[in-house]
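Residue numbers start from 1 in every chain, and the chains themselves are labelled A, B, ... in the order their sequence lines are given, proteins ahead of strands. Computed from a predicted structure; not experimentally measured.
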Amino acid sequence: MAADDIFAQLLDRVFAANEKLIAAGVLPAGIDQSRISIEPPRDAAHGEMATNAAMVLAKEAGKKPRELADAIAQQLRADDLIDKVDVAGPGFINLVLKPAAWIDALRTAVRRGAHYGRSDIGKSEPVNVEYVSANPTGPMHVGHCRGAVFGDALASLLDFTGFKVTREYYINDAGAQVDVLARSAFLRYREALGEPIGDIPEGLYPGDYLKPVGAALAAEYGDKLKAQPEADWLPLVRAKAIDMMMAAIRDDLAALNITFDVFFSERSLNTGEIDRVAETIAWLRQRGDVYEGRLPPPKGAPIEDWEDREQTLFRSTAFGDDIDRALKKSDGSYTYFAADIAYHRSKLERGFRTLIDIWGADHGGYIKRMQAAVAALSDRKAVLDVKVVQLVKLLRAGEPVKMSKRAGEFVTLREVVDEVGRDAVRFMMLFRKNDAVLDFDLAKVLEQSRDNPVFYVQYGHARAQSVFRNARAVFPDLPADFTSPRVLSAANPEQLSDPAELSLMRRIALYPRIVEASSIAHEPHRIAFYLYELASEFHALWTLGNASPHLRFIIQDDRQLTEARLVLVQGVATVLASGLKLLGVEAPNEMR
RNA sequence: GCGCUCGUAGCUCAGCUGGAUAGAGCAUCAGACUUCGAAUCUGAGGGUCGGGAGUUCGAAUCUCUCCGAGCGCGCCA
């Protein structure tokens, strides 16, 4: 499959070796080889690559691991990619490759350019990634932006690895909260008409951001709405407020370079010709997954107005949940969960069998029931993976930034992006596992030092470009497009033999594997960490040139060697640019 | 009480879904600039991977059980 991937190539060589052993009767025919892996050992003393083949096969083959390892090693010694084979430890087969193998990997990286690392592991399978889905009741605040960035990067990563990705936003435009929004906006409408409104009453949204909504309503309706009963004006005001809030949210997302393919309205589920929610419940009821019944009261915190009554329940316990879940409130309207089931059914109807939802940590308790619902709706054929993003602690030089939600004072996403820039926000949000709490220090992120990974990685890319600029100055007759794959692949990277150079090539060769693993695990942070390591190794090689001038990239009196090293630098630049692009971060040509 | 997530160097965190002697950054200490950009680099010290048991050739990683932190626990979304 991925011809880019030197690991896949080597794995094939191991399989080939095993085939010979099967032919020779050393291994039984049809032995399970699926658990064989090849990977770079942690310790460089163990060679450049190691495989567990002998240890994995030993049991089924009825042989001692070491003995089998010797047999496999014997076969591998004949391989043209492999320079040295050792058997070590409990039966590891350690390999040292011919330098040509690494140089080949480097050539591949440069030749493939922006496509290097791309793969088809997704086999064009449609995947729906739903993220952000913030309530349209106000501008986006910092809490939202981690999920936004995570979802966007994950979607890019899946796209890069051959999935057909749909980026989707679920608008929670039904329910009590948007009615509160409408009442809050109505107050601002009266204010816009010149009426003194005093303090915003408890229970309404106090933020100033609703003033433009009030003004827009006044411009559109004059004072016509004022005399109407709430039942008349509320739908109008609500629609206007939701529209304007969604426009603001889209703007905020655009500031982070985040766009969506689909905005799906919750309200549209049961305001159209068919009530999709009712229809879904009926469908599930017919299958026996919805019934009328009673729930025991929760064991934990006592509920004041607990009322033991018969209600409409989804049999989520049949699909791994702890308790069956209510679909209707006591007033007869649907619960949020009921609408969410109908919504996920829509995703399935649109042909998705792989669903990914990105939720805040406070929704963790909701995962099992939603997965149960997807299982029930799809006859257990579709899979819902819910990625939970932990909260972000906003700091300034180590001190928490205080926000008062009650007074409507929160730090908006826009404020943070304006202060530290889109790249810093995006990279930092991804420089941590999604389920770990993240400290985001506004002061540190502006710092230009090794302590700031955004800067550190971008600086690596800028430095690479700087080498190219200087090379052009030293060798004025270099073709203008000398960093293009065509010209570079004509250069002679065989001269790259220093351990630091080889090590950098190995790191570059690792990229497709990192991309693939990140994609399968749904963990874009691995890309961020990899880029940090790649940049680090590049900075180290750079500085080596201070004490050892013969290791500099540009050697005045050796054009051939210089060109070879430019290939290496281009390999670094290519991968840095590619990885940063996956994360949605700029790869600058200079940092000034 | 139950469920989910987490617990790794003084601090902030990785650890490639089970691999060999557990790694980075910060902080501390000692070094490298008439430089292809020192906004960088090199080295040193620092660990019972929360505790215990199990699974197997092999466990930070999987299972169980304690301890500790965060989140959630009909009719909020």
task: Flag the pair Phe553(A) / Phe538(A) as yes when their ring centroid distance falls below 6.0 Å, and as no otherwise.
output: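 Yes, the ring of Phe553(A) comes within the 6.0 Å limit of the ring of Phe538(A), centre to centre.
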Expressed as a whole number of Å, how far does the [atom1] atom of [N] sit from that of [M]?
N: C4(B); M: C64(B); atom1: P; value: 9 Å
N: G31(B); M: U56(B); atom1: C1'; value: 47 Å
N: A59(B); M: G52(B); atom1: P; value: 15 Å
N: A20(B); M: G37(B); atom1: C1'; value: 40 Å
N: U61(B); M: G15(B); atom1: P; value: 14 Å
N: G50(B); M: C6(B); atom1: P; value: 12 Å
N: A22(B); M: C13(B); atom1: C1'; value: 14 Å
N: G46(B); M: U28(B); atom1: C1'; value: 10 Å

[X] has an atom [atom1]; how far is it from atom [atom2] of [N], in whole Å?
X: Asp324(A); N: C75(B); atom1: CG; atom2: P; answer: 14 Å
X: Leu391(A); N: C4(B); atom1: CG; atom2: P; answer: 21 Å
X: Lys393(A); N: A69(B); atom1: NZ; atom2: P; answer: 15 Å
X: Asp179(A); N: A77(B); atom1: CG; atom2: P; answer: 10 Å
X: Asp435(A); N: G72(B); atom1: CG; atom2: P; answer: 17 Å
X: Arg432(A); N: U12(B); atom1: CZ; atom2: P; answer: 10 Å
X: Arg507(A); N: G23(B); atom1: CZ; atom2: P; answer: 14 Å
X: Tyr366(A); N: A77(B); atom1: OH; atom2: C1'; answer: 8 Å

- prompt: Any idea which of U56(B), U40(B), C76(B) is nearest the Gln177(A) side chain?
  reply: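 Output: C76(B).
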task: Compare the minimum distances between each of C75(B), A14(B), G37(B) and the side chain of Tyr459(A), then state the nucleotide with the smallest one.
output: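 For the Tyr459(A) side chain, the nearest candidate turns out to be G37(B).
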Row check, Tyr291(A) ring normal vs Arg315(A) NZ/CZ: under 6.0 Å, within 45°: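 So Arg315(A) does make the cation-pi contact.
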task: Flag this pair as yes if the NZ/CZ of Arg513(A) is under 6.0 angstrom from the six-membered ring centre of Phe7(A) and inside a 45 degree cone about the axis; otherwise no.
output: yes
Qualifying residue for salt bridge (Lys or Arg N to Asp or Glu O under 4.0 Å) with Glu501(A), from Arg565(A), Arg506(A), Arg507(A):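 Result for salt bridge (Lys or Arg N to Asp or Glu O under 4.0 Å) with Glu501(A): Arg565(A).
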- line: When Phe263(A), Tyr131(A), Tyr343(A) are each screened for ring pair (Phe, Tyr, Trp, His ring centres under 6.0 Å) with Tyr170(A), the one that passes is Tyr343(A)
task: Look at the aromatic rings of Tyr459(A) and Phe455(A) and report parallel, tilted or perpendicular, splitting at 30° and 60°.
output: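 Ring orientation, 0 to 90° scale: parallel.
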field: Side-chain donor or acceptor of Thr51(A) paired with backbone N/O of Ser37(A) under 3.5 Å
entry: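 Here the side-chain-to-backbone pair exists.
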query: Looking only at atom types and distance, does a side-chain atom of Gln458(A) sit under 3.5 Å from a main-chain N or O of Glu586(A), one as donor and one as acceptor?
result: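 Side chain of Gln458(A) to backbone of Glu586(A), a donor-acceptor pair under 3.5 Å: yes, one is there.
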Considering every strand and a 4.0 Å limit on heavy-atom distances, what is the contact class for [X]: base, sugar-phosphate, or nothing?
X: Val437(A); answer: sugar-phosphate
X: Arg325(A); answer: nothing
X: Glu307(A); answer: base
X: Ile554(A); answer: base
X: Lys433(A); answer: sugar-phosphate

Can you find a side chain N or O atom of [X] that sits less than 4.0 Å from OP1 or OP2 on [N]?
X: Lys368(A); N: G72(B); answer: no
X: Ser466(A); N: G37(B); answer: yes
X: Lys59(A); N: G58(B); answer: no
X: Lys444(A); N: G25(B); answer: no
X: Lys328(A); N: C75(B); answer: no

Pull out every protein N or O sitting under 3.5 Å from an N or O of nucleotides 16-20 of chain B, one pair per line with the distance.
| residue | atom | partner | partner atom | Å |
| --- | --- | --- | --- | --- |
| A20(B) | OP1 | Arg42(A) | NH2 | 2.5 |
| A20(B) | OP2 | Arg42(A) | NE | 3.0 |
| A20(B) | OP2 | Arg42(A) | NH2 | 2.1 |
| A20(B) | N6 | Asn94(A) | OD1 | 2.5 |
| A20(B) | N1 | Asn94(A) | OD1 | 3.1 |
| A20(B) | N1 | Asn94(A) | ND2 | 3.0 |

message: What's the separation between atom CG in Leu583(A) and atom CG in Asp423(A), rounded to the nearest 0.5 Å?
response: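 Reported to 0.5 Å precision, the distance equals 10.5 Å.
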message: Checking understanding here: a glycosidic angle within 90° of 0 is syn, the rest anti, so what is U17(B)?
response: syn
Step through the shown structure and confirm whether more than 12 heavy atoms of other residues, nucleotides or ligands are within 6.0 Å of [atom1] on [X].
X: Gln556(A); atom1: CD; value: no
X: Lys444(A); atom1: NZ; value: no
X: Arg294(A); atom1: CZ; value: yes

- prompt: Residues from residues 539-547 of chain A sitting under 4.0 Å of RNA chain B, heavy atoms only?
  reply: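 Those residues are His539(A), Ala540(A), Trp542(A), Thr543(A), Asn546(A).
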task: For the residue pair Arg432(A) and His525(A), confirm or rule out a side-chain donor-acceptor distance under 3.5 Å.
output: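 The answer is no; no qualifying pair exists.
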statement: Encoded 5' to 3' (Watson-Crick or G-U under 3.5 Å; [ ] crossing; | other strand), RNA chain B becomes (((((((..((((.....[...)))).(((((.......))))).....(((((..]....))))))))))))....
Upstream residue (5' side of RNA chain B) when Ala176(A) and His525(A) are each assigned their closest nucleotide: His525(A)
query: Would Tyr532(A) pass as stacked on A24(B), i.e. its ring centre under 5.5 Å from the base's six-membered ring centre and planes under 30° apart?
result: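 Tyr532(A) vs A24(B): stacking no.
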query: Are any non-hydrogen side-chain atoms of Leu27(A) and Leu68(A) less than 4.5 angstrom apart?
result: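 They are in contact (side-chain heavy atoms under 4.5 Å apart), so the answer is yes.
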